[in-house]
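For reference, the structure discussed in these notes is given below.
Throughout, a chain's letter reflects where its sequence line sits, starting with A, and its residues are numbered from 1.
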2 protein chains.
Amino acid sequence: MNQPDCQTEIFKANCPTQHVLDAIADKWSVIVIYALLCSGTQRYNELQRQIGGISQKMLTQTLRNLERNGLVHRQAYPVVPPKVEYSLTPLGETITEPLEALCHWAMLHFPEVEIARTRYNATVQD
Amino acid sequence: MNQPDCQTEIFKANCPTQHVLDAIADKWSVIVIYALLCSGTQRYNELQRQIGGISQKMLTQTLRNLERNGLVHRQAYPVVPPKVEYSLTPLGETITEPLEALCHWAMLHFPEVEIARTRYNATVQD
DNA sequence: CAGGATCCTCTTCGATACTG
DNA sequence: CAGTATCGAAGAGGATCCTG
């Protein structure tokens, strides 16, 4: 059996993996990261339109959080009307690699998950 | 710029990546998966002791959720007192690979995240 | 245009007590 | 031993209104 690298760390409250999950595993962070990865630097309203369904509050909150964690860069121009551009930092680009690993797993194995759910629901029913 | 595999999928509500994140990105799922990966098949109370800090309610809920998604196998023995063993399914073992990629990223880059947080807090302060 | 401030609802999670 | 049931606090997230 393979032992994970952070074998002894994972059960501590301050395990780095758990911290990273806490940082990006909310409803919108991954979607925002992918939006910036796919379409590059974008303004606030462009992001909101591209993503669709995200409220101003959550877009702002998600961007602030990603900025605070050094994954997203916020470039504000002192003009009227305001112009603010968001982009991935070099650090933010590196995290897309493990995320794509997860994306790859999802596309490969999610059908099995759905089968398991159907079976589970069936066995619980009776 | 690299385009992710699920480029056109990520913005849909039913993107498989988002579904997978929804399934495992709660407070305890990843920890339970790692506990079963590191120490193999375990009974309910063994798991609770090993993880530490998890309530019965959340351990049960997390295990049920993982079982429903086909990542964990529940083996109940009809004896008194009850004996129930939990283990990763073959599908559950495959998901540890992308999770370790994330773990690897975390250990490699989390110091940068902490630096970014310190800097962010400093710039916000004034 | 890019948010900030509020209000409200739904969910998450822990603590506690109980059971076959 | 391996759960279930219930309560309450806290937070996430949406809708709406307001502003420099």
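Applying side-chain hydrogen bond (donor to acceptor under 3.5 Å, both in side chains) to B:Gln42 and the options B:Gln48, B:Glu85, B:Gln50 leaves one that passes, B:Gln50.
Dashed line: the shortest gap from a side-chain N or O of B:Tyr86 to OP1 or OP2 of D:dC1 is not under 4.0 Å. Side-chain nitrogen and oxygen atoms of B:Arg64 include at least one within less than 4.0 Å of the OP1 or OP2 phosphate oxygen of D:dT4. Put simply, A:Arg43 has a side-chain N or O that comes within less than 4.0 Å of OP1 or OP2 on C:dA2. Contact check, B:Arg49 against D:dA2: no side-chain N or O comes under 4.0 Å of OP1 or OP2.
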What nitrogen or oxygen pairs link the protein and nucleotides 16-20 of chain C at under 3.5 Å?
| unit_1 | atom_1 | unit_2 | atom_2 | d |
| --- | --- | --- | --- | --- |
| C:dA17 | N6 | B:Gln56 | OE1 | 3.4 |

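The aromatic ring centres of A:His73 and A:Tyr86 sit 6.0 Å or more apart.
No side-chain donor-acceptor contact under 3.5 Å links A:Asn69 to the backbone of A:Leu71. In this structure, the side chain of B:Thr96 engages the main chain of B:Glu93 through a donor-acceptor pair within 3.5 Å. Judged by distance alone, the side chain of B:Glu46 and the main-chain N or O of B:Arg43 form a donor-acceptor pair under 3.5 Å. One N or O on the side chain of A:Thr94 and one on the backbone of A:Leu91 form a donor-acceptor pair closer than 3.5 Å.
Within the helix from C:dC1-D:dG20 to C:dG20-D:dC1, the inter-axis angle between the opening and closing five-pair segments is 50°, rounded to 10°.
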